[in-house]
Q: 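Have a look at this one.
In this text, all values refer to a predicted model and were calculated from it rather than measured experimentally.
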Amino acid sequence: MPDKVQYAVERFPDLDQAIKQCCADNRFFRSLCEDYGEAVEVLRGCEDENDPERLERCNACRELVAELEREILQELEHWVGE
């Protein structure tokens, strides 16, 4: 499992097995989880900044993280429903 996928497992620990299996079976889902991991890392890097430009970037990153979380859950729901 790629390191970045671990962020999705940490965020949704009750779905860890489904995330791992779906990542193994589905390249799109694995990529989605990797994107999520990258977004979480960027967000963590900018959260302590007080610079207005960085704050704007941080807010955009928060929105991206939330959107990716929704997409991960939707994909898992679709995958489990098959």
Side-chain angles (χ1 to χ4, degrees):
M1 176 175 57
D3 292 340
K4 303 262 191 263
V5 172
Q6 188 61 33
Y7 289 102
V9 171
E10 290 170 5
R11 173 63 179 92
F12 304 109
D14 54 325
L15 300 173
D16 67 333
Q17 291 302 319
I19 290 169
K20 290 174 185 176
Q21 186 62 50
C22 196
C23 279
D25 295 346
N26 184 320
R27 275 187 269 152
F28 172 78
F29 184 77
R30 183 173 48 251
S31 177
L32 183 63
C33 289
E34 289 171 351
D35 290 347
Y36 175 74
E38 288 180 29
V40 168
E41 286 180 351
V42 170
L43 179 60
R44 288 180 180 174
C46 73
E47 283 183 320
D48 295 329
E49 298 288 331
N50 290 327
D51 179 12
E53 287 181 25
R54 293 239 184 217
L55 185 59
E56 214 174 289
R57 180 179 179 196
C58 194
N59 288 335
C61 199
R62 268 191 199 92
E63 290 175 20
L64 176 61
V65 165
E67 177 61 30
L68 289 169
E69 287 175 351
R70 285 189 291 274
E71 287 183 41
I72 288 169
L73 291 174
Q74 286 173 348
E75 286 296 317
L76 284 173
E77 184 177 296
H78 175 75
W79 183 74
V80 169
E82 291 183 347

Q: With a 6.0 Å cut-off (strictly less than), is the heavy-atom count around CD of Glu10, excluding the residue itself, greater than 12?
A: yes
Q: How long is the gap from CZ on Phe28 to CD on Glu71, to the nearest 0.5 Å?
A: 6.0 Å
Q: Roughly how far, to the nearest 0.5 Å, is the CG atom of Leu64 from the CD atom of Glu69?
A: 10.0 Å
Q: Consider side-chain contact (heavy atoms from CB on, under 4.5 Å). Of Glu38, Glu41, Glu34, which one does Tyr7 pass it with?
A: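 One option only clears the test, and that one is Glu41.
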Q: When rounded to the nearest 0.5 angstrom, what distance separates CD in Glu67 from CD1 in Ile72?
A: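 Here the interatomic distance stands at 10.5 Å.
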Q: Would you give the length of the straight line joining atom SG of Cys46 to atom CD of Glu56, rounded to the nearest 0.5 angstrom?
A: 11.5 Å
Q: What closest approach, in Å, do Cys33 and Cys23 show between heavy atoms, and which atom pair accounts for it?
A: SG-SG, 4.0 Å
Q: From Leu43 CG over to Asn59 CG, what is the distance, rounded to the nearest 0.5 angstrom?
A: 9.0 Å
Q: Are Val42 and Leu55 grouped together when hydrophobic residues (ILVMFWY) are joined by side-chain heavy atoms under 4.5 angstrom apart?
A: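 In one cluster: no.
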Q: When rounded to the nearest 0.5 angstrom, what distance separates CD in Gln6 from CD1 in Ile19?
A: 9.0 Å
